[in-house]
Amino acid sequence: MTLRVYNTLTRRKEEFQPIEPGKVRMYLCGPTVYKPAHIGHLVGPVIFDTIKRYLTYLGYDVTFVINITDVDDKLINRAREQGCSVQELARRMEQDYFENLRTIGVDTVDHFPRATEHIPEMIAAIQRLIEKGHAYEVDGDVYFDVTKDPDYGKLSHRRLDEMLAGARVEADERKRNPADFALWKRSKPGEPAWDSPWGPGRPGWHIECSVMSMKYLGETLDIHGGGLDLLFPHHENELAQSECCTGKPFVKYWLHNGLLRASGAGKVGGAHNRYGDLTEQQAEQEAVKLAGSKGAESVKKLFEKFSPEAIRLFILNTHYRSPIDFSEERIAEVARSLEGFYRLIETFEELTGEDFYALPAPTRRNQTTSLEGLPEEFRKELETLRDRFFECMDDDFNTGGAVGVLFELRRAINGFIASRTPGTGPLSAEDRTALRKAMTLLKELAGILGLFRKRPQRPAGADDQLVGQLIQILIDLRSEARKNRNFELADRIRDRLAELHIVLEDRPDGTRWRRE
RNA sequence: GGCGCCGUAGCCAAGUGGACUAAGGCAGCGGAUUGCAAAUCCGCCAUCGCGGGUUCGAAUCCCGCCGGCGCCUCCA
């Protein structure tokens with residue numbers, strides 16, 4: 001079994017072979033931290049976090065970097081409106097971003113380099129490009145000369161002459177060629193500025209990614225990721241300047257994820273919705289408005305409505321290269337489908353007295369959960385499902401297929417339980433062991449997708465304990481009524497509770513309740 | 001105008017030449033179970049946008065058409 005990945009550069013699925021055996025160097029373009037994150041900002045991180053989890057599971061030592069763009073026009077404008085410094089705004093939004101990543105379980109990132117902390121390296125790279133004749137200075141601005149790079153356009157598969165014919169690139173008198181892009185921008189008064197050989201200024205957008213990725217990962221990366229929207233011009237430019245600078249291949253595998261979009265309305269929070277001169281709060285309201293009619297809203301608000309796990313599964317349910325239409329109904333549906341897993345986990349814990357989330361699940365493929373000693377049929381079923389899970393993941397990280405397998409695994413385990421607990425009898429020691437192994441496998445595979453790693457936080461009020469005790473009283477009274485065959489009363493209790501979204505389940509071993 | 005993507009059941013979605021008489025989820029329906037439910041299990045629910053072609057064989061490849069979308073604007 002080999003891992004195959006789709007490479008934008010070659011437009012083909014290729015066998016994954018890292019440059020240095022056993023090591024993977026991975027870079028993902030991160031956010032410009034100028035406004036609160038919306039769910040679209042989480043798509044890339046969730047996908048590449050999952051990719052890192054799988055690569056790690058396969059035994060690779062993975063270094064994963066996401067950059068933080070903390071200087072740029074949008075930040076400058078926004079900070080001005082808010083009357084704070086660019087740095088203040090950037091740090092605040094960066095915190096918001098980190099919090100969201102934590103919430104949704106993205107915790108495999110090794111470095112979050114900030115652009116502003118790598119200015120000297122950028123200046124050095126720009127100087128090198130000038131020396132090599134790939135860049136030129138005009139009045140304190142430095143541009144990359146695309147005509148000096150015969151490879152320019154190879155990533156996005158565009159030809160320079162065609163691009164120029166497109167006539168949408170507005171000609172700037174100062175550039176030698178309309179497609180040339182800024183490496184260094186002279187700063188206007190009042191803007192953040194750093195000293196450079198070309199006078200005070202700040203870096204262009206693309207150079208930070210070249211410099212920071214190479215600083216933390218070396219001159220050639222194994223994987224470079226980002227949204228499809230970044231393919232051109234950002235990644236094309238990044239690639240051009242990097243290779244012209246080092247003379248070496250910059251990236252072996254370019255991976256691009258599809259974008260989240262408001263149904264038929266273009267990308268969420270994208271070019272169609274200009275937040276340019278809105279305040280933070282207005283921007284958020286604007287986003288909510290979109291959400292009301294199918295757009296995005298700030299992730300924070302979304303987390304109030306849906307569990308992070310549901311949002312994560314919503315993202316991973318679709319193949320990463322496909323676009324996803326955002327819709328709350330869809331997320332709600334996914335959330336509902338998760339309930340079955342939570343019930344299984346609960347059942348498992350009641351049946352065995354174990355803590356599912358504390359089960360020591362293997363984290364490497366070559367140490368996968370042993371299914372020795374399980375009933376033959378059950379064991380075969382689990383093995384087949386496990387193989388299918390790997391097949392999916394090996395095929396360009398087909399998380400959608402892998403999720404499907406997880407659901408089948410759930411059904412297999414439920415079926416096993418159903419076949420072993422016909423009456424009230426407790427599980428035999430053997431069956432308990434079998435169940436434990438099956439659940440360990442579930443945890444192992446789900447963990448690769450970043451699911452079921454922590455007990456979900458149920459919306460809990462301060463008087464939750466009291467509520468539980470009160471419901472228990474009602475359950476006890478109802479049980480007595482049932483024992484006396486007073487079903488009318490028993491049903492009335494159940495119906496009244498249902499009105500309050502409290503669902504009762506009568507099981508052989510007693511009545512269980514849950515909120516819905 | 002250039003480059004590219006997509007169209008699979010009521011909805012979402014995997015599969016992209018042969019184990020497909022097409023995963024999985026949500027919703028729905030039937031059965032087992034239950035005092036009745038809930039939960040769970042079993043079963044049912046798609047000739048893969050349309051028309052041609054290639055092939056022993058196509059959801060999967062080619063051509064045409066229809067419909068939807070992205071990029072070519074410092075938007076993840």
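Quick note on labels: first sequence line is chain A, next is B, and so on, each numbered from 1.
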TODO: With the side chain of A/Asn414 defined as its heavy atoms from C-beta on, choose the nearest nucleotide among B/rA14, B/rC41, B/rA39.
DONE: B/rC41
- [ ] Take the angle between the ring planes of A/His235 and A/His256 and call it parallel below 30°, perpendicular above 60°, tilted in between.
- [x] tilted
Task: Side-chain (A/Lys175) to main-chain (A/Asp180) donor-acceptor, under 3.5 angstrom - done: yes
TODO: Could you tell me whether A/Arg343 contacts a base, only the sugar-phosphate backbone, or nothing, with contacts defined as non-hydrogen atoms closer than 4.0 Å?
DONE: sugar-phosphate
Task: Residues which pass side chain to side chain donor-acceptor pair (under 3.5 Å) with A/Glu350, listed by chain and number, not counting sequence neighbours - done: A/Arg512
- [ ] Write down the distance separating the P atoms in B/rA13 and B/rG49, rounded off to the nearest Å.
- [x] 14 Å
- [ ] Determine the interplanar angle of the A/Phe181 and A/Phe144 rings, folded into 0 to 90°, and report it as parallel if under 30°, tilted if 30 to 60°, perpendicular if over 60°.
- [x] parallel
TODO: For the side chain of A/Arg514, starting at C-beta, report the closest nucleotide among B/rA76, B/rG15, B/rA39.
DONE: B/rA39
Open item on the list: Between B/rG7 and B/rC48, how many Å separate the two P atoms, rounded to a whole number?
Closed with: 13 Å
- [ ] Take atom C1' in B/rG15 and the same atom in B/rA58, then report the distance between them in whole Å.
- [x] 13 Å
Task: Partner residues of A/Glu14 under the side chain to side chain donor-acceptor pair (under 3.5 Å) criterion, sequence neighbours left out - done: A/Asn7, A/Thr10
Open item on the list: Can you check the distance between B/rC45 and B/rG10, where both ends of the measurement are the P atom (answer in whole Å)?
Closed with: 13 Å
- [ ] Give A/Asn398 one of three labels, base, sugar-phosphate or nothing, depending on what nucleic acid heavy atoms sit under 4.0 Å from its own.
- [x] sugar-phosphate
Open item on the list: Given a 3.5 Å cut-off on both pairing distances, which stems involving RNA chain B, each at least three consecutive Watson-Crick or G-U pairs, are present, if any?
Closed with: B:1-7 with B:66-72, B:10-12 with B:24-26, B:28-32 with B:40-44, B:49-53 with B:61-65
Task: By side-chain contact (heavy atoms from CB on, under 4.5 Å) - contacts of A/Pro308 (at least two apart) - done: A/Thr103, A/Phe303
Open item on the list: I want to check a possible cation-pi pair here: A/Arg321 against A/Tyr6, using under 6.0 Å from ring centre and within 45° of the ring axis as the test.
Closed with: yes
TODO: Scan nucleotides 24-37 of chain B nucleotide by nucleotide, 5' to 3', and note B when protein non-hydrogen atoms come under 4.0 Å of the base, S if they reach only the sugar-phosphate, - if neither.
DONE: SBSS-------BBB
Task: Short N-O contact, A/Asp395 and A/Lys13, less than 4.0 angstrom - done: yes
Task: Pairing residues for A/Tyr342 by the ring pair (Phe, Tyr, Trp, His ring centres under 6.0 Å) criterion, not counting sequence neighbours - done: none
Open item on the list: Can you work out whether A/Asn257 or A/Gly415 has the more 5'-proximal nearest nucleotide on RNA chain B?
Closed with: A/Gly415
Open item on the list: What's the gap between B/rU8 and B/rC3 when it is taken at their P atoms, as a whole Å value?
Closed with: 26 Å
